[in-house]
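Numbering of residues begins at 1 and proceeds along the displayed sequence. All values reported here derive from a predicted model rather than from experimental measurement.
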Amino acid sequence: MNPLTLWATRDVRVLDHSSDDENLRHQQVNEAAELEPLERDGRWAAAIHRWAMQDEAAALADQADAAHEVTRARHSSQLRARVSGS
């Protein structure tokens, strides 16, 4: 096969890929422009609720950890009292 043919074919493939990338970029821009603002479709409210639930879950986990530490300390001191009293 002639090297010029290979070179020309490669260039055509490169041009096809660059036009595909450009078309994809153009499509993404158009889709982004078509989206409604967050205030209109309620996605912002859903995001806020998710964040609030995550914060609440984290607070509950912290409380559970603190309660576990108190219980563990109490049991530890009771065990020490029983061992030293024996």
Side-chain angles (χ1 to χ4, degrees):
M1 187 180 248
N2 189 338
L4 290 175
T5 305
L6 292 174
W7 178 75
T9 306
R10 182 185 55 94
D11 282 351
V12 169
R13 284 189 205 145
V14 169
L15 289 175
D16 285 343
H17 289 300
S18 65
S19 66
D20 288 344
D21 292 342
E22 186 176 323
N23 288 337
L24 181 61
R25 212 173 309 118
H26 182 64
Q27 181 182 2
Q28 289 172 346
V29 168
N30 286 342
E31 287 175 359
E34 291 172 2
L35 292 177
E36 294 180 0
L38 292 176
E39 295 84 22
R40 292 187 191 163
D41 65 9
R43 285 182 289 166
W44 66 274
I48 289 173
H49 288 295
R50 279 194 307 272
W51 292 331
M53 290 176 68
Q54 288 173 351
D55 288 345
E56 186 176 321
L60 289 174
D62 289 344
Q63 289 175 353
D65 287 344
H68 177 72
E69 287 297 321
V70 168
T71 304
R72 192 173 66 103
R74 186 174 349 129
H75 287 286
S76 172
S77 64
Q78 289 173 354
L79 182 61
R80 269 188 248 124
R82 284 184 187 170
V83 170
S84 64
S86 299

Listed partners of R72 passing side-chain hydrogen bond (donor to acceptor under 3.5 Å, both in side chains), at least two apart: E69
Hits for side-chain hydrogen bond (donor to acceptor under 3.5 Å, both in side chains) against R80, two or more places apart or cross-chain, chain-then-number order -> S76
Review item, side-chain donor-acceptor pairs of residues 47-63, under 3.5 Å, at least two apart:
none

